[in-house]
Each structure stands twice: as structure tokens, then as C-alpha cells.
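This report refers to the structure that appears directly beneath it.
Side chains are part of it too, since the values below use all heavy atoms of this structure and drop only hydrogens, waters and symmetry mates. Every chain is numbered from 1 and lettered A, B, ... according to where its sequence line falls, protein lines coming before strand lines. As the structure is a computational prediction, the values presented were derived from the model and not from experiment.
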There are 2 protein chains.
Amino acid sequence: MFTLAEENYLKAIFHLEHEGSGEVSTNAIAESMETKPSSVTDMIQKLAEKKLVVYKRYKGTLLTEKGKKIAANVIRKHRLWEVFLVDKLNFHWDEVHEIAEQLEHIQSEELITRLDKFLGSPDFDPHGDPIPDKNGVLKRTEKKLLSQIEKNQKGVCVGVKESSADFLQYLDKKKISIGTKITVLGKEFFDGSMIIQVGNEQFFISHKIAENLYVQTL
Amino acid sequence: MFTLAEENYLKAIFHLEHEGSGEVSTNAIAESMETKPSSVTDMIQKLAEKKLVVYKRYKGTLLTEKGKKIAANVIRKHRLWEVFLVDKLNFHWDEVHEIAEQLEHIQSEELITRLDKFLGSPDFDPHGDPIPDKNGVLKRTEKKLLSQIEKNQKGVCVGVKESSADFLQYLDKKKISIGTKITVLGKEFFDGSMIIQVGNEQFFISHKIAENLYVQTL
DNA sequence: CTTTATTTTTAGTTAAGTCTAAAAATAAAG
DNA sequence: CTTTATTTTTAGACTTAACTAAAAATAAAG
């Protein structure tokens, strides 16, 4: 139905729309896709002709309802495949992204229906990101960034903002994964660093770590 | 490593080499891939430059060892995914080909290693076709076509030569699948048709059916 | 409110993979 | 052993999706 390139653009725009608010800039798309702005302009114009995005020259891009639905479906497939890779094939959560980037483009409604059922209709992927339903609707959660948690409060880790292998491996080293309870013992206002407790261990984390970990307060 | 188009050409040549013997003709490749001979010539020349095939103008094409290995690996992936779709997702054996055509191009050694293990390292796919091992080696079986079986002999169905949905659905209707025992009760020399017994049922089959069913004699 | 910097777009190429139409080689028929 | 038919290849064109370089629009600075 849509080409690999088209699906990847829609997905990138979807993610950018959910981060910043309002129109997505050409440069932002180019950067997130590791391509050149001129290539983005080309593709955006094609997507606009197909009514998948609304595009005004020099003003930026927004997904139409149709574009949103397609993007959400690609993301649904990506995240379901990640669950498969981790739950069934015992991959580690830092190994699955690139494989899922390929699997997300497999075309078959029936396949995804059955895969979803096989996996027990999960609501979240291995990084804690919500899996859109058939209609592209995301379950909303009460998650906050760890950096927004006050001293002496407790939270349970529900996801990561960044999911680079480096970051995930850091978390493993510190024994932090989805479901881990974290207590904020101290918070430095100058640089945003924290002392936290995980299990019996207490240790220091930088602001950069704290602003990439999602928790649900307890 | 290789493009989707390249992998599909190598796979097609691999299959054709195993049917007829000797060089594979440009037209044969074109027909099997539903493309034009001129497109085939183009691609074959590229594959020859990459040392994946040996090609002599107007004479035909043969895979090199390297080409054979790549083709066998694509086929390995195709057949493992078919096992996944049937065994784990409960697809029917006539529904899996097109999805596997897409899945066979997913690039990840580790994925296939783990998938193979998850499936219990199967030797055959749902149509009875052998799954090449990591090195591209196919297990040889003692299979014969049902049409080559004599009157009053028994065989167990081990595979199909053709695997079109039409044929597979015919077999389902007749309650024939991999593992089904078949007894040849009668054989007409004029047209090759047969009377066979499957379970408690006895019925007539045409030569066309008999020459597309593989059995192992008991 | 000009000048400068940044962002975005246009114009023109390139590469992969396909196609049609025409030419060349091989095979088959008389 | 020519003529005809078939197969295969070449040449040229098209599409998708990328790129570079230059132009145009917008935003920021003085």
C-alpha cells in the first residue's frame, strides 16, 4: 500500500508531533531520519499530494487523520515485534530496535492480529512504550520523568525516553528495568543530579540519566 | 548486504537450477519472477560482476558457491518463518507463502538462530520442503511422487510439489496433509489417474494431483 | 528597517530496478 | 544451407528516493 520510505517518514513525523507541539519543521525531520532537508521537502510534497500530511511551504508539516493512522499502525507493528523478540526469542531490550525497524514494514493485517493474540495482547513494549491498538489509539499513562520527582518520593520505572543501546546497557549495569522501584534520596538543584536507591544499592545519577527514565509515582 | 531484488533473483535461480539441470535460461528466470527478459539480463550482469553467478551471453546462468549460499540462506529464512506462522500463529499452510516472501528478507543472523531454536530446529517446512541448515545444506529425503507408487503400495504424505492455495485447499477437502497415510488401490495406465484410500474414504484422483504429492513408501 | 544568518525550497544529478522497442545471436524448419 | 522463428541482449526512457549546489523565504541582530 505504501512504500518503505513513505512509512518511515510518516512514523518520524508522528514521533516529532508527539514531542514538540505544533507543525514539524523540515530540518527536524531531516535530522531525525539522518537525511538531508532537500530530500525531506521532496517526500513531504509527495505525502501532501496523497493527503497524508498537511504541508505549507516554509511553515512545516502536520499529519492528517489518515497519515496518523498509518503511522500509528507502523508503530504498533514495531512494538509488537519488539515484544515478540524479547518475550519469545529472549532477546535483550537493547538488541531489538533495528530488527523491529525491518519487521514493522511487513504487510499483513492478519499477521499482526495473530501476533498480537499470540503475545497476549500486550499494552506496552519492552521499553515501556505504549502499543497503539488497531485504530491507532494509545493508552495514556501517568508517567513522569525521574528528573521531575521530588526528594524522598518513590516511583516505579515504567519506560525509557531514549532507547539507545548505550543507555539501556547503563540501566542494566545499575539493575534498573521496567518494574524496578526507585527512591529519590537526594536532588542537587545546581546540575539536576540525584542520589537514588535501587534495591539495596544507593548511587549517584546525572541529570541526563534522570530525564530519560519514566517512572510512575507510588 | 544484498538488496531485496538481488536476493529474489538468486532464490529464483536456485530453484530453477534444482528443477531442470544445467544452465538456467533468461526467459525461465523472467517467467518464474513475472518480469521481462530484458530486466533479467540487466540484473544477471550485475550479479555476475559481484561473482554471485557465472554468466555467458546467450548461454545461461549458474550460481557460484557464494550465490548458492546466499540463496539457500534466503530459502532457510523463508521456510523457518513458514513454520513459525503455522506452528505458532496457527496459520493454515495455504496462507503463509506471501507473508514468508516478505519475512525472508529480514536481515539478522541472530534472529534466525533464535527463531530456529524457538521452533525446535525443524527439518521441514509446513509443505514438507526441507529447511537448509546454516551452511545451506539440505537434508535429502527418500520422497517419491505419488504418481510413481504402484498399486497396493502404501505411502505417507511428506510434502507437495506445487503449493498453490488452490491445490492445498483441494488436499484439505480430501483430508490429506503432511503425515497422512495413503494407499493406492487402483491405477489407470491410460491417463495416470488413481483410486486411493485415505482414512476410511476411497476416492478418485487425477494424474495432475498424483504428480504433485510427495510420499515416502511404507 | 536593513543586513546577516538560518531554514527551506528548487533545480539538476545519480543509482537501482524496471519497462518498451529494436537489434543481434541462436535454434528450428524447409 | 538459407529462411524463419525464437531467445536474448542492447539502447533508451521512466520512477523512486536520494544527493549537491544554488536560490528564495523567513527569522534574528544590529
* Could you say whether B:Ser39 or A:Tyr9 is positioned toward the 5' end of DNA chain D, judged by the nucleotide with the nearest heavy atom to each? => B:Ser39

* Do B:Ser38 and C:dT18 share a donor-acceptor pair, side chain to base, under 3.5 Å? -> no

[N] [atom2] sits how many Å from [X] [atom1], rounded?
X	N	atom1	atom2	value
A:Asn8	D:dT16	CG	C1'	14 Å
A:His105	D:dA17	NE2	C1'	14 Å
B:Asp42	C:dT20	CG	P	13 Å
A:Glu7	D:dA17	CD	P	11 Å
A:Glu6	D:dT15	CD	P	15 Å
B:Glu31	D:dT6	CD	C1'	14 Å
A:Lys36	D:dA22	NZ	P	15 Å
A:Glu34	D:dA18	CD	P	13 Å

* Asked: Considering only heavy atoms, which members of residues 43-62 of chain A lie under 4.0 Å from some atom of DNA chain D?
  -> A:Met43, A:Lys46, A:Tyr58

* To do: Give the nucleotide from the list D:dT8, D:dC19, C:dT7 with an atom nearest to the side chain of A:Thr35.
  => D:dC19

* Structure fact -> With the side chain defined as heavy atoms from C-beta on, B:Thr41 is closest, among D:dA18, D:dT8, C:dT20, to D:dT8

Under 4.0 Å between a side-chain N/O of [X] and OP1 or OP2 of [N], yes or no?
X	N	answer
B:Ser25	D:dT7	no
A:Thr3	D:dA17	yes
B:Asn27	D:dT8	yes

* Carboxylate-amine/guanidinium contact B:Lys161 B:Glu211, below 4.0 Å -> no

* To do: Indicate yes or no: does B:Glu82 engage B:Arg79 in a salt bridge with an N to O separation below 4.0 Å.
  => no

* To do: Please indicate whether B:Glu98 has more than 12 foreign heavy atoms, meaning atoms of other residues, nucleotides or ligands, lying under 6.0 Å from its CD.
  => no

* Do other residues, nucleotides or ligands put more than 12 heavy atoms under 6.0 Å from the NZ atom of A:Lys36? -> no

Validation row: [X], [Y] side chains within 4.5 angstrom (heavy atoms):
X	Y	result
B:Glu101	B:Lys11	yes
A:Val74	A:Asn8	no
A:Gln107	A:Glu7	yes

* Have a look at B:Thr26 and say if it touches a base, only the backbone sugar-phosphate, or nothing, with a 4.0 Å heavy-atom cut-off. => sugar-phosphate

* Inter-end axis angle, the helix from C:dC1-D:dG30 to C:dG30-D:dC1, with every axis fitted to five base pairs (rounded, 10 degrees) -> 10°

* Give me the one residue out of B:Ile176, B:Asn212, B:Ile205 that meets side chain to side chain contact (heavy atoms under 4.5 Å, CB included) with B:Tyr170. => B:Ile205

* Asked: Is B:Lys117 reaching over with its side chain to a backbone N or O of A:Leu89, donor-acceptor style, under 3.5 angstrom?
  -> no

* Asked: Honestly, is A:Lys88 close enough over B:Phe84, meaning NZ or CZ under 6.0 Å from the six-membered ring centre and within 45° of the axis?
  -> no

